[in-house]
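Everything quoted here is computed from the prediction, not taken from an experiment.
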Amino acid sequence: MTQIGEGCVERREDKKMEITLNNGLKMPIIGLGVWRMEVKEIRDLILNSIKLGYRHFDCAADYKNETEVGDALKEAFSSGLVKREELFITTKLWNSDHGHVIEACKDSLKKLQLDYLDLYLVHFPVATKHTGVGTTDSALGDDGVLDIDTTISLETTWHAMEELVSLGLVRSIGISNYDVFLTRDCLAYSKIKPAVNQIETHPYFQRDSLIKFCQKHGVVVTAHTPLGGAAANTEWFGSVSSLDDQVLKDLAEKYKKTAAQIALRWGIQRNTVVIPKTSKLERLEENFQVFDFELSKEDLELIGSIDKKYRTNQPARFWGIDLYA
């Protein structure tokens, strides 16, 4: 396995590597997303990423690999590679468990072999027919359209999320894939404000208004799909990646970095947390090497000019309905 070098240890002390949440807790500004990771690859990817300096892992019940992630984390702890309190672990409540928040959280904790979560998110702002805690297949009706449960409000779900904090199961709670209006509503009815809103955002889908709104109201934005999905989203959704844009390619040459590193650095300089997913060791290392340079104001504006308002992650492919319509 790759050995972590002293440079990584020194950079861990760099305060720019963390962002402070509205409850005072710290969240690493770069993490590893585990969506669509092959089960057989998870152990080595997580242990190697920890050795490289990663301290933030983004999981979800829907990814169907919490058990394997938990096994890898247990090995990391038992071997002395890292202490539990040094890691920031996120997972998410699936749509079919909005009426069973506490049970779903406990199920994720059991699979991850953890006593608490650093962050628990409402994965999507929609409750669907309950299919059993721990089962996360999309609940489709006979017509092939998502079977949405109209009896459970997002407010009800959120108050159950708040109870998780009271029970000590979760340190921070947040939302995911919420727009300005839904985020505003959550801020209005919450007793514990959402610490994070995790959304798709990358150079082709910049969403400045949503990010400005969240940040103005103390909600940290995590950018999922911060590279635009690349090959993975091309395969599933037929989308194109911003990494092929000539502007990013030219900036990569200028800064002697890769287009992916330019995109991640741009995300970090927007004060968003970035959680790129990769299954390649060389990419793991590359994605973490974004703290030794800074994009100029002019180059940030240049990247700002390539926004296409282009969503690459479109669950309508599976749900028979476009929740973003």
Answer yes or no: is there a donor N or O on one side and an acceptor on the other, between the side chain of Trp158 and the main chain of Ile192, under 3.5 Å? yes

Within the 3.5 Å criterion, strictly below it, is a donor on Asp179 or Tyr324 matched to an acceptor on the partner's side chain? no

When you measure from the centre of the six-membered ring of Tyr116, is the NZ or CZ of Arg84 under 6.0 Å away and within 45° of the axis? yes

Using a 3.5 Å distance criterion without hydrogens, assess whether the side chain of Trp94 forms a donor-acceptor pair with backbone atoms of Thr136. yes

What I want to check is whether the side chains of Asn23 and Ser172 have a donor and an acceptor closer together than 3.5 Å. yes

On a heavy-atom basis, the closest approach of Leu109 and Asp115 is CD2-C, 4.0 Å

Should the ring pair Phe288 and Phe291 be called parallel, tilted or perpendicular, given that the plane angle runs from 0 to 90° and is split at 30 and 60? perpendicular

Within the 3.5 Å criterion, strictly below it, is a donor on Asp244 or Ser241 matched to an acceptor on the partner's side chain? no

Quick one, Ile173 and Val122 - any side-chain contact, counting heavy atoms below 4.5 Å? no

Determine yes or no for a side-chain-to-main-chain donor-acceptor pair under 3.5 angstrom, with Thr222 supplying the side chain and Gln198 the backbone. no

Sub-4.5 Å side-chain heavy-atom contact between Val126 and Leu154: no

Measure the SG-CG distance between Cys214 and Asn197 for me, rounded to the nearest 0.5 Å. 4.5 Å

Heavy-atom nearest pair, Asp97 first then Gly134, reads OD2-N, 3.9 Å

Gap between atom CD1 of Ile199 and atom CG of Asn313 - 0.5 Å precision: 12.5 Å

Run the ring-centre check on Phe88 versus Phe57 and record whether the distance is less than 6.0 Å. no

For the ring pair Phe205 and Tyr310, is the centre-to-centre distance below 6.0 Å? no

Which value, rounded to the nearest 0.5 Å, describes the distance between Leu114 atom CG and Cys59 atom SG? 8.5 Å

Could you tell me which non-hydrogen atom of His100 sits nearest to which non-hydrogen atom of Val133, and how far apart they are? CB-CG2, 4.0 Å

Test item: Val196 and Met27 side chains (from C-beta on) under 4.5 Å apart, heavy atoms: yes

Answer yes if Ile152 and Leu164 sit in the same cluster of Ile, Leu, Val, Met, Phe, Trp and Tyr residues linked by side chain heavy atoms under 4.5 Å apart, and no otherwise. no

Residues Pro194 and Val219: closest non-hydrogen pair is O-CG2, 3.6 Å

Is the backbone N or O of Gly218 less than 3.5 Å from a side-chain atom of Asn22, with the two atoms forming a donor-acceptor pair by type? yes

Go through the steps to decide whether Val34 and Asn65 satisfy the test side-chain contact (heavy atoms from CB on, under 4.5 Å), and finish with yes or no. CA-CA 8 Å; Val34 303; Asn65 56 17; 3.8 Å; yes

For Lys129 and Ser96, does a side-chain donor sit closer than 3.5 Å to a side-chain acceptor? no

Just by distance, with hydrogens left out, do Asp71 and Gln113 show a side-chain donor and acceptor under 3.5 Å apart? yes

Could you tell me whether Arg43 and Glu75 make a salt bridge, using a distance below 4.0 angstrom between a side-chain N and a carboxylate O? yes

Identify all side-chain donor-acceptor contacts of residues 267-276 below 3.5 Å with residues at least two apart in sequence or on another chain.
| from | atom 1 | to | atom 2 | distance (Å) |
| --- | --- | --- | --- | --- |
| Gln269 | OE1 | Arg265 | NE | 2.9 |
| Gln269 | OE1 | Leu295 | N | 2.7 |
| Gln269 | NE2 | Leu295 | O | 3.1 |
| Arg270 | NH1 | Thr201 | OG1 | 3.0 |
| Arg270 | NH1 | Gln206 | O | 3.4 |
| Arg270 | NH2 | Gln206 | O | 2.5 |
| Arg270 | NH2 | Asp208 | OD1 | 2.6 |
| Thr272 | OG1 | Gly267 | O | 2.6 |

Checking Lys26 against Thr20: is there a side-chain donor and acceptor pair closer than 3.5 Å? yes

One thing to verify: whether Asp292 and Lys257 come together as a salt bridge, which I'm taking to mean a side-chain N less than 4.0 angstrom from a carboxylate O. yes

Would you mind reporting whether Val290 and Ile262 have side-chain heavy atoms less than 4.5 Å apart? no

By ring-ring contact (aromatic ring centres under 6.0 Å, His included), which residues pair with His217, not counting sequence neighbours? Phe213

Charged N to carboxylate O below 4.0 Å: is that the case for Glu86 and Lys83? no

How far apart are the C-alpha atoms of Tyr120 and Thr90, what are their side-chain angles, what is the distance that settles it, and do they pass the side-chain contact (heavy atoms from CB on, under 4.5 Å) test? CA-CA 6 Å; Tyr120 196 48; Thr90 300; over 6 Å; no

Are Trp266 and Pro226 close enough that some pair of their side-chain heavy atoms sits under 4.5 Å apart? no

Just verifying a value: how many Å separate Leu117 CG and Ile89 CD1, rounded to the nearest 0.5 Å? 8.5 Å

Could you walk me through whether Glu285 and Asn48 satisfy the side-chain contact (heavy atoms from CB on, under 4.5 Å) test, starting with their C-alpha distance in whole Å, then the side-chain angles of each, then the deciding distance to 0.1 Å, before giving a yes or no? CA-CA 9 Å; Glu285 192 165 7; Asn48 273 309; over 6 Å; no

Between Gln261 and Thr258, is there a donor-acceptor pair closer than 3.5 Å when you use the side chain of the first and the backbone of the second? yes

Do Leu227 and Leu264 come close enough that some side-chain heavy atom pair is under 4.5 Å? yes

Pairing of Asp299 and Lys254 as salt bridge, 4.0 angstrom limit: yes

Rounded to the nearest 0.5 Å, how far apart are CZ of Arg283 and CG of Leu45? 13.5 Å

Do other residues, nucleotides or ligands put more than 12 heavy atoms under 6.0 Å from the NZ atom of Lys106? no

May I ask you to decide if Cys105's main-chain N or O and Ser108's side chain share a donor-acceptor pair within less than 3.5 Å? no

Taking 4.0 angstrom as the limit, do Lys111 and Asp107 come out as a salt bridge? yes

Please check: side-chain N/O of Arg207 versus main-chain N/O of Glu200, any donor-acceptor pairing under 3.5 Å? yes

Taking side chain as C-beta onward, heavy atoms only, is Ser190 less than 4.5 Å from Glu162? yes

For Tyr63 and Lys92, does a side-chain donor sit closer than 3.5 Å to a side-chain acceptor? yes

Side chains of Asp307 and Tyr204: donor-acceptor distance under 3.5 Å anywhere? no

Which heavy atom in Ala263 sits nearest to a heavy atom in Leu243, and how many Å separate them? CB-CD2, 4.2 Å

Spacing of CD1 belonging to Ile30 relative to CD belonging to Gln289, to within rounding of 0.5 Å: 10.0 Å

If we ignore angles and hydrogens, is there a donor and acceptor under 3.5 Å between the side chains of His123 and Ser176? no

If you count every heavy atom of other residues, nucleotides or ligands that lies below 6.0 Å from Glu253 atom CD, does the total exceed 12? no

Does Lys249 NZ have over 12 foreign heavy atoms under 6.0 Å away? yes

Verify the distance criterion only: is there a donor paired with an acceptor across the side chains of His56 and Asp118 at less than 3.5 Å? no

What orientation do Tyr189 and His159 show, parallel under 30°, tilted 30 to 60°, or perpendicular over 60°? perpendicular

Heavy-atom distance under 4.5 Å between the side chains of Pro203 and Leu248, does that happen here? yes

Start with the C-alpha distance between Val170 and Leu119, add both sets of side-chain angles, then the distance that settles side-chain contact (heavy atoms from CB on, under 4.5 Å), and finish with yes or no. CA-CA 6 Å; Val170 175; Leu119 179 64; over 6 Å; no

